[in-house]
Amino acid sequence: MNKVRTRMAPSPTGFFHIGNAKTALYNWLLARQTGGTFILRLEDTDAERSKVEYEQVVAEALTWLGITWDEGPGFGGNPDRGGYGPYRQSQRTELYRNEAQRLIDEGAAYRCFCTKEDLDAERQRAAGEGGHARYSGKCRALTPEEVAAKGNALYSVRFKVEPGVTEIPDLLQGTVRVDNKEFDDFIIVKPNGDAVFHLAVVVDDGLMKISHVIRGDDHLTNAARHVMLFNALGYDLPVFVHHPLVHDEHGKKYSKRLHGANLLDWREDGYLPEAIVNYLVLLGWAPSDDRELFSPDELIKEFSIDRMSLSAGKFDLKKVQWLNGQHIRRLSVEDLRDRLLPVMAKAGLDVGSKSPECLTRMTAICQEKIATLNDIVGMVDFFFVAPAEYEEKGVKKQWKKEDSMDRMQAIRDAMEGVGEWTVDALHAAYQALAEKAECGLGKFIHPTRLALTGKGVGPGLFELAQLLGKETCIERIDKGIEYIKAQCGEAPGEA
RNA sequence: GUCCCCAUCGUCUAGUCUGGUCGAGGACACCGCCCUUUCACGGCGGCGACAGGGGUUCAAAUCCCCUUGGGGACGCCA
């Protein structure tokens with residue numbers, strides 16, 4: 001096989017779609033595992049919708065995922081990278097015009113003087129007759145004299161579709177055959193001189209020597225047009241791999257309007273890029289064994305086109321969450337801590353007020369409990385600020401019982417008595433407490449948790465108390481006692 | 001409507017090419033139980049699928065055909 005050259009060719013017309021990410025991943029994976037080249041190309045031929053800031057978004061999304069490109073456009077005034085540039089289609093218009101002219105000269109394309117209005121009317125009529133709209137081909141037969149007679153009239157360039165059958169060599173789908181009569185003579189250059197997508201991709205893929213075109217199967221029909229163009233232009237045909245689209249939970253193409261359609265939504269929601277990479281790849285590919293947890297490096301090693309799936313996968317939030325939790329657990333504490341810091345800071349927690357050791361410890365006692373980075377906030381907020389209020393359910397259960405006050409007093413005393421403030425010492429103190437009262441540990445642990453954190457759930461109590469420090473713990477127990485006096489004093493619970 | 005693609009538990013899938021080892025395996029979710037100071041994590045168990053119909057064959061989830069269902073494409077968007 002010749003050197004593998006794959007590309008990702010998004011159009012910078014908005015955010016980076018989750019489906020684009022999946023496509024980018026397969027292209028990147030193949031390039032990386034074969035020692036090939038991965039190319040980023042910006043398909044910005046639609047000047048109406050393409051915007052420079054969206055290019056930035058593409059780069060940011062790819063970078064977040066850990067996808068690096070070997071060739072591609074320069075950003076922020078930097079030069080392009082790679083010997084097949086430029087990598088922005090808007091900078092390749094000359095190339096397209098020349099190739100289009102070549103097609104005209106060789107009789108494979110022709111000028112069409114029909115106006116948009118003409119065509120719309122034609123389409124309307126066709127729709128009314130139930131048939132589907134297609135160009136009549138009326139300019140195809142224009143003689144050179146007739147063309148000359150048009151003078152400076154605007155024209156588009158159409159590709160001449162010849163009768164026959166076009167075969168799309170697709171590594172995943174097998175060879176797909178389409179009868180050319182399914183196509184009308186499609187436009188390859190707009191009247192303003194800009195290339196249409198079909199011409200641009202083919203010229204680019206051909207000239208950039210792309211070996212594998214891996215993309216969503218919404219392009220499968222387009223591929224037939226592209227094959228015709230490749231052949232007419234005399235370029236080597238790449239191998240195609242059309243993979244199924246990512247579907248939403250209802251089985252439709254994942255809509256742009258859905259949360260999560262924007263790849264960066266996942267970063268926002270506290271997901272690890274490696275988890276998203278893992279999930280996305282698994283959505284259209286399966287390993288030969290039962291493993292499901294893969295690091296990007298492992299994916300590079302294991303990925304293969306022949307184990308990609310043919311049917312579309314619905315996006316399953318629960319599974320991504322699970323996978324994210326798995327990846328979180330696999331991180332080193334320090335790594336996890338560093339990823340958690342910005343999340344905490346963004347939530348308003350003053351991380352600067354804690355020592356690195358303290359933050360590491362905080363991370364350690366939560367690592368098993370969080371599914372997303374964002375989950376950390378509710379797990380550690382009480383380390384930064386004393387609880388302003390207590391969870392209603394907890395108060396009812398822990399502080400409104402007849403013996404609640406006695407327990408809290410006993411807890412306070414026990415804490416006072418703890419010499420070295422360690423997890424083990426605390427554990428021992430509570431055990432003694434429980435034994436004396438002849439009940440389970442929980443009877444003392446839960447009221448304590450409520451006083452210290454204001455909540456019913458969180459990290460292990462002894463670990464959290466140890467980190468909080470003796471003084472703070474006793475302070476918060478006192479506050480709890482005051483609260484019970486004030487709120488629950490006159491109205492002891494029925495139990 | 002036309003063309004193209006697809007079809008195994010609720011979901012993602014293994015198994016299909018090279019029929020028998022599949023009384024269909026794994027994972028998420030769900031439901032129990034265990035562990036346990038909560039929530040998680042972890043462990044154990046349960047529920048749960050070859051879309052339907054015809055063939056071919058000694059034998060079909062696997063091969064062929066039809067039906068049905070789903071998706072995608074039919075732009076001077078990409």
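Below, chain A is the first sequence line, B the second, and so on; all start at residue 1. Keep in mind the model is a prediction, meaning the values are calculated, not measured.
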*Asks:* Return each pair, listed once, that meets side-chain hydrogen bond (donor to acceptor under 3.5 Å, both in side chains) where at least one residue sits in residues 307-325 of chain A; pairs must be two or more places apart or across chains.
*Replies:*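 Listed by first then second residue: A/Glu292-A/Lys319.
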*Asks:* Say you pick atom P in B/G55 and the same atom in B/U18; how far apart are they, in whole Å?
*Replies:*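 Pairwise P distance, B/G55 against B/U18, rounds to 24 Å.
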*Asks:* I'd like to check the side-chain hydrogen bond (donor to acceptor under 3.5 Å, both in side chains) partners of A/Thr372; sequence neighbours left out, ordered by chain and number.
*Replies:*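 Residues passing side-chain hydrogen bond (donor to acceptor under 3.5 Å, both in side chains) with A/Thr372: A/Asp375.
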*Asks:* Rounded to whole angstroms, how far apart are CZ on A/Phe462 and C1' on B/U38?
*Replies:*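 For the pair A/Phe462 CZ and B/U38 C1', the rounded distance is 12 Å.
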*Asks:* Assess whether side-chain hydrogen bond (donor to acceptor under 3.5 Å, both in side chains) is satisfied between A/Thr6 and A/Tyr26, documenting all intermediate values.
*Replies:* CA-CA 9 Å; A/Thr6 62; A/Tyr26 294 141; over 6 Å; no
*Asks:* Between B/A61 and B/A14, how far apart are the two C1' atoms, rounded to whole Å?
*Replies:*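 Per the computed distance, 12 Å lies between those C1' atoms.
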*Asks:* For B/U21, which nucleotide in any strand shown is its Watson-Crick or wobble partner with both distances under 3.5 Å?
*Replies:*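 Checking every strand shown, B/U21 finds no partner, since no pair has both distances under 3.5 Å.
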*Asks:* Is the distance between the ring centroids of A/Tyr279 and A/Phe315 under 6.0 Å?
*Replies:*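 Distance test on ring centres: under 6.0 Å, yes.
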*Asks:* Please measure how far the C1' atom in B/G53 lies from the corresponding atom in B/G69, and state the result in whole Å.
*Replies:*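 The same atom, C1', in both gives a distance of 14 Å.
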*Asks:* For A/Ser295 and A/Glu298, which heavy atoms make the closest approach, and how far apart are they?
*Replies:*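 So the minimum-distance heavy-atom pair works out to N-OE1, 2.7 Å.
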*Asks:* Expressed as a whole number of angstroms, how long is the span from A/Ile188:CD1 to B/G75:P?
*Replies:*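 My rounded result for the distance is 16 Å.
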*Asks:* Which protein N or O atoms sit under 3.5 Å from an N or O of nucleotides 65-67 of chain B?
*Replies:*
none

*Asks:* A/Tyr155 ring centre to A/Arg111 NZ or CZ under 6.0 Å, with the angle to the axis within 45°?
*Replies:*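 Yes, a cation-pi geometry holds between A/Arg111 and A/Tyr155.
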*Asks:* Over how many whole Å does the gap from A/Lys252 atom NZ to B/G69 atom P extend?
*Replies:*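 From A/Lys252 NZ to B/G69 P: 13 Å.
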*Asks:* Applying salt bridge (charged side-chain N to carboxylate O under 4.0 Å, His left out), name anything that partners A/Glu438, two or more places apart in sequence or on another chain.
*Replies:*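 Once residues adjacent in sequence are excluded, A/Glu438 has no partner under the salt bridge (charged side-chain N to carboxylate O under 4.0 Å, His left out) criterion.
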*Asks:* Take atom C1' in B/G71 and the same atom in B/U62, then report the distance between them in whole Å.
*Replies:*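 Between the two C1' atoms, the distance is 24 Å.
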*Asks:* If the condition is salt bridge (charged side-chain N to carboxylate O under 4.0 Å, His left out), which residues does A/Asp205 pass it with, not counting sequence neighbours?
*Replies:*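 Residues passing salt bridge (charged side-chain N to carboxylate O under 4.0 Å, His left out) with A/Asp205: A/Arg7, A/Arg41.
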*Asks:* Should B/A40 form a Watson-Crick or G-U wobble pair with both distances under 3.5 Å, which nucleotide is its partner?
*Replies:*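 Pair assignment: B/A40 / none.
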*Asks:* Could you give the CD1-to-C1' distance, from A/Ile328 to B/A40, as a whole number of Å?
*Replies:*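 From A/Ile328 CD1 to B/A40 C1': 12 Å.
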*Asks:* How would you list, by chain and number, every residue that makes a salt bridge (charged side-chain N to carboxylate O under 4.0 Å, His left out) with A/Asp335, sequence neighbours excluded?
*Replies:*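 Testing A/Asp335 for salt bridge (charged side-chain N to carboxylate O under 4.0 Å, His left out), a comparison that skips the adjacent residues, returns A/Arg339.
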*Asks:* Ignoring hydrogens and angles, state whether a donor on the side chain of A/Asp424 or A/Thr422 is under 3.5 Å from an acceptor on the partner side chain.
*Replies:*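 The answer is no; no qualifying pair exists.
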*Asks:* Holding to side-chain hydrogen bond (donor to acceptor under 3.5 Å, both in side chains), I want the full list of residues that pass it with A/Arg88, two or more places apart in sequence or in another chain.
*Replies:*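 Applying side-chain hydrogen bond (donor to acceptor under 3.5 Å, both in side chains) to A/Arg88 gives A/Glu55.
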*Asks:* Looking only at atom C1', what distance separates B/G75 and B/U56, rounded to whole Å?
*Replies:*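 Rounded to whole Å, the distance is 46 Å.
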*Asks:* Using ring centroids (six-membered ring only for Trp), state whether A/Trp285 and A/Phe294 fall under 6.0 Å.
*Replies:*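 So the answer is yes for these two rings.
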*Asks:* Distance-only criterion, 3.5 Å: show the donor-acceptor pairs between side-chain atoms of residues 452-461 of chain A and protein atoms not counting sequence neighbours.
*Replies:*
residue  : atom : partner  : partner atom : Å
A/Thr453 : OG1  : A/Arg449 : O            : 2.8
A/Thr453 : OG1  : A/Lys455 : N            : 3.0
A/Thr453 : OG1  : A/Lys455 : O            : 3.4
A/Lys455 : NZ   : A/Gly378 : O            : 2.7
A/Lys455 : NZ   : A/Asp381 : OD1          : 3.0
A/Lys455 : NZ   : A/Asp381 : OD2          : 2.9

*Asks:* Give the rounded distance in Å between these two atoms: CG of A/Asp218 and P of B/G71.
*Replies:*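 Taking CG of A/Asp218 and P of B/G71, I get 15 Å after rounding.
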*Asks:* Looking at RNA chain B, which of residues 438-456 of chain A put a heavy atom within less than 4.0 Å of it?
*Replies:*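 A/Leu441, A/Ile445, A/His446, A/Arg449, A/Gly456, in order of number.
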*Asks:* Between C1' on B/G75 and CG on A/Asn222, what's the gap in Å once rounded to a whole number?
*Replies:*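 Rounding to the nearest Å, CG of A/Asn222 and C1' of B/G75 are 11 Å apart.
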*Asks:* Honestly, is A/Arg225 close enough over A/Phe186, meaning NZ or CZ under 6.0 Å from the six-membered ring centre and within 45° of the axis?
*Replies:*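 Yes, A/Arg225 lies over the aromatic ring of A/Phe186.
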*Asks:* OH of A/Tyr96 versus C1' of B/A78: gap in Å, rounded?
*Replies:*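 Those two atoms, OH and C1', are 12 Å apart.
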*Asks:* Whole-Å distance between B/A73 P and A/Arg215 CZ?
*Replies:*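 To the nearest whole Å, that distance equals 13 Å.
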*Asks:* Mind checking whether A/Phe16 and A/Tyr54 have ring centres under 6.0 Å apart?
*Replies:*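 Centroid separation for A/Phe16 and A/Tyr54: 6.0 Å or greater.
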*Asks:* Applying the ring pair (Phe, Tyr, Trp, His ring centres under 6.0 Å) criterion to A/His226, which one of A/Phe197, A/Tyr235, A/Phe240 satisfies it?
*Replies:*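 So, applying the ring pair (Phe, Tyr, Trp, His ring centres under 6.0 Å) to A/His226 and each of A/Phe197, A/Tyr235, A/Phe240, only A/Phe197 qualifies.
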*Asks:* Taking for each residue the nucleotide of RNA chain B with the nearest heavy atom, is it A/Ile187 or A/Lys253 whose nucleotide lies nearer the 5' end?
*Replies:*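 Per heavy-atom nearest nucleotide, the more 5' residue is A/Lys253.
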*Asks:* Which atoms of nucleotides 41-44 of chain B (N or O only) lie under 3.5 Å from a protein N or O atom, and what are those distances?
*Replies:*
residue : atom : partner  : partner atom : Å
B/C41   : O2'  : A/Glu368 : OE1          : 3.2
B/G42   : OP1  : A/Gln326 : NE2          : 3.3

*Asks:* Could you encode protein contacts along nucleotides 3-16 of chain B as a string, one character per nucleotide from 5' to 3', using B for base contact, S for sugar-phosphate-only contact and - for no contact, with a heavy-atom cut-off of under 4.0 Å?
*Replies:* SSSSS---SBSSS-
*Asks:* Between N or O atoms, less than 3.5 Å apart, protein on one side and nucleotides 47-49 of chain B on the other: list the pairs.
*Replies:*
none

